[in-house]
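Just so it is clear, the model here is predicted, and its values are computed rather than measured. Just so you know, these numbers use all the heavy atoms, side chains as well, and skip hydrogens, waters and symmetry mates. Within every chain, numbering begins at 1; the chains are lettered A, B, ... in the order of the sequence lines, protein sequences first and strands thereafter.
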There are 2 protein chains.
Amino acid sequence: MTNEETQGRPSRPTLNAPHIAQMALALIDAEGLDAFSMRKLGAALEVDPMAVYHYFPNKAALFDAIVEAIYTQIDTSVAVAAEWDEAVATYMHAMRNAMRAHPHALSLVATRPVNTAPVLVLVEVLVARLTRAGAAPTEALAMVNCFGTFTIGHLLADVGAPVGGPEGPPPDATILDASAIPTLAAAMAAGWVFDPDAQFDLGLRAMIAGFGAHYGLRDPN
Amino acid sequence: MTNEETQGRPSRPTLNAPHIAQMALALIDAEGLDAFSMRKLGAALEVDPMAVYHYFPNKAALFDAIVEAIYTQIDTSVAVAAEWDEAVATYMHAMRNAMRAHPHALSLVATRPVNTAPVLVLVEVLVARLTRAGAAPTEALAMVNCFGTFTIGHLLADVGAPVGGPEGPPPDATILDASAIPTLAAAMAAGWVFDPDAQFDLGLRAMIAGFGAHYGLRDPN
DNA sequence: ACCTGAACACCGTTCAAGT
DNA sequence: ACCTGAACACCGTTCAAGT
């Protein structure tokens with residue numbers, strides 16, 4: 001007999017680690033990382049704040065679980081079909097899309113390494129694809145690392161929530177004259193619009209092409 | 001008559017924004033971002049914790065000042081002489097070196113944009129160099145953005161302090177069998193050693209070369 | 001095993017006040 | 001203008017206790 005059956009109202013499901021992590025991520029998505037607290041998490045779970053400490057030793061361990069939850073949301077099936085360089089690009093776009101859904105958790109993803117089995121399997125998929133294009137395993141691993149850090153770094157600058165509180169207005173309306181930054185001024189005059197998606201794709205493909213040339217990668221025929 | 005002259009002992013210099021930011025950065029470098037607090041900053045400055053609020057509206061604004069302080073420590077004079085691709089590589093290595101000195105502040109650098117004049121001038125240097133190699137201003141700006149986000153993303157994963165508390169041990173000794181990750185296992189067997197500096201240089205030069213080919217960049221002769 | 005609740009040692013920031 | 005100090009509404013985590 002479960003709790004729901006003995007009592008009339010299904011007040012809450014039994015606690016477990018993945019569910020706690022999901023709830024924590026939902027709170028962070030909704031309110032931001034700074035507004036998140038173990039006490040609010042307890043309230044959202046309709047449980048004493050200390051109850052979560054039975055499943056996670058501390059807040060940091062909970063954050064690790066959140067990062068893994070985000071990684072495992074990546075759909076890696078996209079990286080199979082196409083040419084090697086297209087496969088890499090598609091894979092990294094999939095990773096970017098999964099992470100883009102959680103701007104307030106990006107700083108966690110960027111700084112909390114995860115070496116759990118599910119994430120390693122995720123890495124394996126792309127590394128294996130690169131070796132099939134002619135890279136040595138160690139070379140493939142280095143490339144994947146560079147693709148990943150670029151993706152996360154770009155995403156952080158694009159939509160990442162500022163660590164340490166919301167950003168305020170620029171510290172004074174320092175009107176700087178265009179003569180000090182002529183090239184930047186020229187870019188503005190040329191109608192520069194910041195298109196993060198296009199820019200990411202551009203940078204990603206530049207790196208892919210550069211690696212491809214460096215290592216002589218190509219698909220076997 | 002300064003405070004030092006009227007009293008026998010020069011207990012502390014007068015407060016000012018840059019000095020406060022430097023002290024805050026020193027505390028963050030020494031103890032970490034989580035251990036940093038406005039109260040400890042006040043203590044380090046030998047002043048009431050609330051005194052800093054006369055120079056910064058809140059902690060977030062202080063963090064912005066810290067990020068700018070780190071950016072302005074970059075030595076941009078290195079980007080002048082060589083070929084365009086060498087100039088870019090040298091510039092980005094200089095940026096990386098400046099940021100590498102502050103692992104606990106990297107998450108701030110990665111997520112708190114700075115648009116103050118000194119930083120824009122920093123950007124101008126590299127953007128201008130790229131236009132001299134044949135890039136349009138808007139293209140140069142996009143490239144610099146990609147170089148920067150890769151550099152910061154790679155650095156975060158390399159030495160960045162975890163946001164949200166120190167990382168604990170992996171959640172259980174999940175011995176995953178090598179058959180699930182054969183390529184990763186092969187890389188380990190091949191004596192893979194993680195060399196962040198070499199890997200960064202490799203990825204950076206791949207991106208530089210890829211962009212160079214894409215835009216047909218070359219130095220004028 | 002799983003959850004509670006009080007307690008400890010902290011936080012950032014407000015506000016009114018001092019000089 | 002520059003700094004103080006009390007007060008408010010919070011934190012994460014410990015510990016002993018309940019079931």
Side-chain angles (χ1 to χ4, degrees), chain A residues 1-4 6-7 10-21 23-24 27-28 31-66 104 108 112 161-168 172, chain B residues 1-4 6-7 10-21 23-24 27-28 31-66 104 108 112 161-168 172:
Chain A
M1 289 251 273
T2 68
N3 195 37
E4 287 90 309
T6 53
Q7 296 183 229
S11 62
R12 61 164 181 83
T14 17
L15 242 43
N16 62 72
H19 178 241
I20 293 172
M23 181 65 85
L27 286 178
I28 290 169
E31 312 261 13
L33 193 60
D34 290 322
F36 173 80
S37 75
M38 298 301 270
R39 293 164 124 105
K40 286 181 187 170
L41 177 58
L45 294 166
E46 297 182 79
V47 99
D48 186 278
M50 285 308 300
V52 285
Y53 283 85
H54 189 75
Y55 300 88
F56 298 98
N58 48 41
K59 198 168 72 154
L62 174 61
F63 285 161
D64 285 333
I66 290 174
H104 293 283
L108 302 176
R112 308 196 71 85
V163 171
E167 51 171 330
D172 251 349
Chain B
M1 286 250 275
T2 69
N3 195 35
E4 288 88 314
T6 52
Q7 298 185 227
S11 62
R12 61 166 181 82
T14 15
L15 244 40
N16 61 73
H19 178 240
I20 292 173
M23 180 65 86
L27 286 178
I28 289 169
E31 312 261 13
L33 192 60
D34 290 322
F36 173 79
S37 75
M38 298 299 271
R39 294 166 125 104
K40 285 180 186 170
L41 176 58
L45 294 165
E46 295 182 79
V47 99
D48 186 278
M50 286 308 300
V52 239
Y53 283 84
H54 190 74
Y55 300 89
F56 298 98
N58 47 41
K59 199 169 73 156
L62 173 61
F63 284 160
D64 285 334
I66 289 174
H104 292 283
L108 302 176
R112 309 197 69 85
V163 170
E167 52 172 329
D172 249 352

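A straight line from CG of B:Leu62 to P of C:dT13 spans 10 Å, rounded to a whole angstrom. Distance, B:Phe56 CZ to C:dG12 P: 15 Å, rounded to whole Å. In this structure, NZ of A:Lys40 is placed 14 Å from C1' of D:dG12, rounded to the nearest angstrom. Distance, A:Phe63 CZ to D:dG12 C1': 11 Å, rounded to whole Å. Between the CD atom of A:Glu46 and the P atom of C:dC3 there is a distance of 13 Å, rounded to whole Å. Remark: P of C:dA6 and CG of A:Asp48 are 9 Å apart, rounded to the nearest angstrom. Taking atom CD on A:Glu31 and atom C1' on D:dC10, their separation rounds to 15 Å, with Å as the unit.
Residues A:Asp34 and A:Gly164 approach most closely at OD2-C, 4.0 Å, considering heavy atoms. A:Pro162 and A:Glu167 get closest at one heavy-atom pair: CG-N, 4.0 Å. When all heavy atoms of B:Val163 and A:Phe63 are compared, the closest pair comes out as O-CD1, 4.3 Å. Scanning all heavy atoms of the two residues, the minimum distance from B:Asn58 to B:Ala61 falls at OD1-N, 3.0 Å. Taking every heavy atom of both residues into account, B:Lys40 and B:Leu27 meet most closely at O-CD1, 4.0 Å.
Taking side-chain N and O atoms only, B:Tyr55 has a distance below 4.0 Å to OP1 or OP2 of D:dC3. Dashed line: the shortest gap from a side-chain N or O of A:His54 to OP1 or OP2 of C:dC3 is not under 4.0 Å.
The side chain of B:Asn58 sits closest to C:dT13 out of D:dC11, C:dG12, C:dT13. Among the nucleotides D:dG5, D:dT14, C:dG12, the one closest to the side chain of A:Met50 is D:dT14.
C:dA9 and D:dA9 have their P atoms separated by 22 Å, with the value rounded to a whole Å.
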List the steps, then state whether side-chain contact (heavy atoms from CB on, under 4.5 Å) holds for B:Val52 with B:Leu41. CA-CA 8 Å; B:Val52 239; B:Leu41 176 58; 3.9 Å; yes

List the steps, then state whether side-chain contact (heavy atoms from CB on, under 4.5 Å) holds for A:Phe36 with A:Ile66. CA-CA 13 Å; A:Phe36 173 80; A:Ile66 290 174; 5.7 Å; no

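Nearest-nucleotide positions on DNA chain D place B:Arg39 closer to the 5' end than the other of A:Tyr53 and B:Arg39.
Within 4.0 Å (heavy atoms only), B:Met38 reaches sugar-phosphate atoms of the nucleic acid but no base atom.
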Both atom distances under 3.5 Å, Watson-Crick or G-U wobble: I'd like the secondary structure of DNA chain C as a dot-bracket string, with | for pairs made across strands. ||.|||||...|||||.||

